[in-house]
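Keep in mind it's a predicted model, so treat the numbers as computed, not measured. Here is how names work: the chains are called A, B, and so on, in the same order as the sequence lines, proteins then strands, and each is numbered from 1.
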Amino acid sequence: MSASDDPFADFYHQSVIPSPSRETFGERLRRRREASDEGIVAPDVSPWQSRVRVLSMIVVGSPHHRAGITRRNSAEAKRVAGVEAILFADDLPAFRNSLGPDFSGEPLLAESEVYYQGQPVAIIVGQDEKSCREAAALLEIDYLPEPPILNLDHAIARESFHELPRLSERGDVLSVLTSAPQTLSGSFLVPPQQPLHPGVTEILVTPEDGGSRFTVKAPSLSPTRIRAAVARAAGVSESDIRIDPSPIAGVTDALEWEPARLAMLVTRAAITCGSPVALRLRENDSSLIRGQRHPVKASFDVAFDSNGRVRGLDLRLYLDAGYYPADSAAVLDRATLHADSVYAIPHLRIRSCLCRTHRITSSSLPAEGAAQGAWVMEEIMRRIAWETKQAAHLVRERNFYQENGELKTVPCGQPILATAIHRAWQQVLRLGQYGQKIDTLRKWNQTHPFSKRGIAVVPTKFGLGDPRSERSAATVMVQILTDGSVLVQVAHTDAQDDLEEGIRLETAKELGIAPDSVRVILNDFDAFPTATPPVGTDAAGLIRHAIHEACRPLRDRLREVSLDLFAARGQTGISSENLNFRDGVIGQEISPSSPIHFREVVETAWAKRIPLISIGYHRTPNLWWDHELGAGWPFSSFTYGAAMAEVQIDTFTGEVQILHVDLVCEGSSFPQSGSRDLAQASRAFLLGVGWLLSEEIPYPESDLPLSTRPSEPLVDLTPSSFADAPFEFRVERLAPLSAAEALPGQPCAEAPLLLSFAVREAILDALRAFGMTADHDIELPFPSTPPAVLTTLREISRRLYPVPT
Amino acid sequence: MQSWFNFELDGETCRVERESTRTTLAQFLARLAPCFSHFLAHDAFVSPRLVVMGTKENDCYRFRVVDAGLLLMPMVADRQIWTPEGIRTSEPEHPVNLAFLGGGYECSRERLDNIIALTFEGYYRSDLRRQGQMYDQFDAITTRTANPEAIRETALQVFASTEQLRFETARRAERSGEERSVWTGKKDIFGDRFTRHLFRQPDRRSLQYVDGEKHRFFRPDTLVDLLRLRRDYPGAGLIAGATGQPHHTGDAMPVEWISLDAINELNLIETKEEEWIIGAAVNLTQISEQIGRECRVFTKILRRFASRPVRNRATLGGSLASASPSGQIAPLLIALNARIQLASSDGEREMPVAQFYSEGGVTALRSGEVIRAVVIPRATESALSARGITTRICDVYSVGPRRANCIPYMTAGFALELRNRKITKAWITYGGIEKVLLRAQEAEDFLLGRIWDEETMIETLPVLHRSIEISPDESGEMIAAYRKQLTGTLFQKFYYQHPSHNDIHPQDLAAISELGRLDDPFHDSSHF
């Protein structure tokens, strides 16, 4: 086949890496000559230098939210000493200037237009960051700014949507709303939250074997996604990419999507310069590494009776998906699927829209989407309670799914366990001594005019898993070594949150050996093609099942070997089903005399060349989700919980102190790891508290370009410290109905985040003690920072004691 | 000049040669060994890298947690440093190590290290008595990845064990008649590896260090030497706690540093009948330990000042001289009617702290002058009656987005001197709004001669509202409006917490005093 016949010819030409088998020596020589004619001279570095040097790189982002690019010129900038390369979109092969399917058509480097502030327009590679910054100052890029859409209201008004609204419907909402005795409408905004990166985020790409292989080091929750992205950017196969994992501390310490975009940019820089390139970003440097939760605007019409029982609800959810949504559609689905919370609403319609704004959004923080959805519902419940002048906790309770009620499923069709909702609810009321507390609280409020306390209870159901069913799978490899010790490799990012201990205990239990002899290897992505993402999945539950899958065949094989060993001892007639693995020995359940040591069996198995390596793969069966129908079985199961919070507000400053938190949630799938459960629950809860109380992000953003802004607004993002922690924090595991009841997966890392809404509710309860009622129509803004609370207090006093005119 | 110095790292002498004066301890450790590589990822707010420093303050031996990223290398010369790694490996059976063996505290080893360092300090802390103080001990920990409840439970056990140890030693000492020395850090009651090292600590001597780039670091041991150096090197930076050091990055960093660490006069707290004289280089924690029992407002404001490792290093002099933007210290000192002693080669002078700042946060420091000490008058009965005053009411409020580890929105200091309920003098100051200070002169004048009651307070509010203008700075309009509101509401709070002249001691935040458990001791000595 001649070159002209080759349908992929264009592809080869545009690829930067020459295909050595196709290029003859003469062609190579000609290419070299042409390059030197055009003034492209290979950088003057010794072979030794080129091997050890690591180049620095910076990403030049757009200062405008939306603009056309009219001119780009890097001639001046290229003259800066130490600069190796400057790349614009034109310098990349058109075929490669794409972030791929995950980022819905976003180019790697902006072509003729930019659609969000910070969108990469150029990359500058140099010997150090200083020279790169010098060059960046000399870069000539002319923009023609256009008016951007920066908030949800604007997007809704302009009907700037990514797709048609998604609909989830049950019953006949419209007729209920028109005929209902009492209705209520309203709208509010759940603002974004920003993850926090301590120090510097470093992404390092090292080309190997002349650019045919790459090693990537990037902090990410999903390193296999990075592998796919880098392979696509470099035009090599995924098998040629090696992931060098970066340590991360907790699931809030890294992002899932952003590092993939950056790793692709760094890969292009590394290919261009032929040497390792490192990109170091501080949090304030670029919006590319920041990432945010999706802001959600909710507006609703709800019909209810005088007891606060909801008859019908028409809910509209608008989610800011930025200009290029990554996983925003899945987040929207999660919000929709959690928006009914634990309430049986007979007539329900949820319309959810993916709004297109000139921003960058992302998600990877725990309970993304689910929290926004559930909080919207809890906010509506409280407004109903205030409107009907009923106690909020009674209104909530009346609306629960009932065991003998008509509604047995959530709107999408997945069954719900009504008894668990009630059990969690009752357990938390008992744990926090609600009845008793509410009396003391009322008395306290009467005697303290200048600070008030409030209390609230909030229930939750949380779907384990994700509408993207491909994420709900786990792989585990178990190897028994010759001395009977065990290696467990799990395709999972190590967030250093004690999951390892759970895996070790589970494996040890499966094989009946001491946990000390099990070693767990996380973060090894060479062994497995995909990894279970730590958030948005029931990772611990899936891994636990995968361990079972892996250990079963191993036990079967060892049983056969032990039978032979028993037979050699003259003990025959033992059936292999009766053989048990316990305390490092293998023996019969009925007559446990003279068992054989595990180690002895393993040694014999090795001698007999019986493979003691097994791979366990588990996927949650029968998951499906069709967003067009609004139906499916998207979650492996629901987990239930409830929380009670008590807070105190200082009238003079608006400061809020959390006094008590009582939390009930289902335990983890590793039943032994009690402390891990509590730790995860407390972390998730406090992450939510930060979002609700103190982490203020400017939204909508300023529409001024970066350079003309007076100065960055003082964004104080440090998360709450120990001094803000609740004075008392009790976590209890939801008592199972019976011993046989199987515990579902790992709810602790995400579900308690939804429960942190109890803190906001408690603040509102305290504001009520100051005299706030539904008639005042005052809203407490998210997040409830001291200024927001004080402003609300002032508003209340204005309504209560109007100044006579 | 010498180009080397020694310090003690994890119980062993470490010789440092030609190391740049700009290197921080965190950077040095990160280079020293792979087990310290995480020290490089330092961020004072979000991920401090904590180590424990053995110090000798006012003849008492103490362990203090400090942030390795805020210590310049020459500052640790002749000092003892224990890294959490060293604490773990040197004595695995130490109560702190035993307590934190399990999991579930923090999401990573490096962050658990911070908890270990803080608990280690708490174990040897002589004033840690009540459970509520735990919030103050651990406020450097961010809770996004930590499990505060588990940390609290474990630390509770550790602190109870040390409390018991102290109690038993005290009882033994009581019999031998030397009870006092047990509690003050003057005698080693623990007798473990760490305290044995601590009590062997040398006195700080003078040091003249020059690094490979000819940057100098002086540590004089007398005030005379300091003033001489100040004259010889007018561009030199004075360094005490160095908690503001990250502001001097790169080229902005002075070529010469003069450390105040070894000058005895600057590191002393003198308690006199009528006043405390606090050396400019004494750290805030130590001041609170020494005067906090009597001057409770000091302890109160420190609870909301940065975090424990910063308080362990930050000094009064540093906060005043650098016109610290958080502005928590100046309103406090003005409310306490403190005076500032300045020294230069021309002599000494003294002025009220209120006069130390002029417009835009410019200080009254002349070239070559240093802050020697801060004099805080004691509000004892005899001192007041000598001036014809019946009562002095003083309180300071700091309001921030969080309780600790943040830049507060505002700190307000109020003080009134009364003669039979009539106000004879008033101090109203707000810090942290504009450069350093806002003084409500008009309101102060308005209060003179009036009776301190609700009516006066309400009549003062419009005066405050009118006379204080807050322009929105980089923090935006909403915060400016909030601050404006606070100028009035905090004054109201001041009145309602101190409505009568009898109520001298400021109350703590109502929530804390209401919760019994927080006020419980770690260890109930009534069992013995």
Discussion item. Do D497(A) and Q680(A) pair up side chain to side chain, a donor and an acceptor below 3.5 Å, judged on atom types alone?
Written reply: yes
Discussion item. Can you tell whether the side chains of D113(B) and R49(B) come within less than 4.0 Å, N to carboxylate O?
Written reply: no
Item to complete: Answer with side chain, backbone, both or neither: which region of A150(B) has an atom nearer than 4.5 Å to a non-hydrogen atom of chain A?
Response: neither
Fill in: V251(A) portion near chain B, given a 4.5 angstrom heavy-atom threshold
neither
Practice prompt. Examine whether an atom of A495(A) lies under 4.5 Å from a heavy atom of chain B, and if so say whether it belongs to the side chain, the backbone or both; otherwise answer neither.
Written response: backbone
Worksheet item: Can you tell me if R403(B) and Q657(A) form a side-chain donor-acceptor pair at under 3.5 Å?
Response: yes
Discussion item. With a 4.5 angstrom heavy-atom cut-off, is it the side chain or the backbone of Q137(B) that approaches chain A, or both, or neither?
Written reply: neither
Worksheet item: Just checking, is any N or O donor in the side chain of R303(B) or Y135(B) under 3.5 Å from an acceptor N or O on the other one?
Response: no
Worksheet item: For Y105(B), is it the side chain, the backbone, both, or neither that has a heavy atom closer than 4.5 Å to a heavy atom of chain A?
Response: backbone
Worksheet item: Can you tell which of D724(A), T651(A), I248(A) has the highest number of heavy-atom pairs within less than 4.5 Å of chain B?
Response: D724(A)
Worksheet item: Are Q131(B) and R152(B) close enough, and set up right, to give a side chain to side chain donor-acceptor pair (under 3.5 Å), and what steps lead you there?
Response: CA-CA 9 Å; Q131(B) 295 194 25; R152(B) 192 158 45 200; over 6 Å; no
Discussion item. Within the 3.5 Å criterion, strictly below it, is a donor on D139(B) or S307(B) matched to an acceptor on the partner's side chain?
Written reply: no
Discussion item. I'd like to know if R304(B) pairs up with E655(A) as an ion pair, taking the criterion as any Lys NZ or Arg NE/NH1/NH2 lying under 4.0 Å from an Asp or Glu carboxylate oxygen.
Written reply: yes
Worksheet item: Of the listed residues (L693(A), L686(A), V656(A), V731(A)), which shares the most heavy-atom pairs with chain B below a 4.5 Å separation?
Response: L686(A)
Worksheet item: Does any heavy atom of chain A fall under 4.5 Å from the side chain of L40(B), the backbone, both, or neither of them?
Response: neither
Fill in: Under 4.5 Å from a heavy atom of chain B, the part of F450(A) involved
side chain
Discussion item. I'd like to verify something: which residue of G250(A), A723(A), P726(A) has the highest number of heavy-atom pairs under 4.5 Å with chain B?
Written reply: A723(A)
Fill in: Among R109(B), Q492(B), Q485(B), residue most engaged with chain A (heavy-atom pairs, under 4.5 Å)
Q485(B)
Item to complete: For Q328(B) and T411(B), test the side chains for any donor-to-acceptor distance below 3.5 angstrom and give the result as yes or no.
Response: no
Fill in: chain B contact via T785(A) - side chain, backbone, both or neither, heavy atoms under 4.5 Å
side chain
Worksheet item: Below 4.0 angstrom, N of the basic side chain to O of the carboxylate: do R125(B) and D136(B) qualify?
Response: yes
Item to complete: Counting only heavy atoms closer than 4.5 Å, note whether P449(A) contacts chain B via side chain, backbone, both or neither.
Response: neither
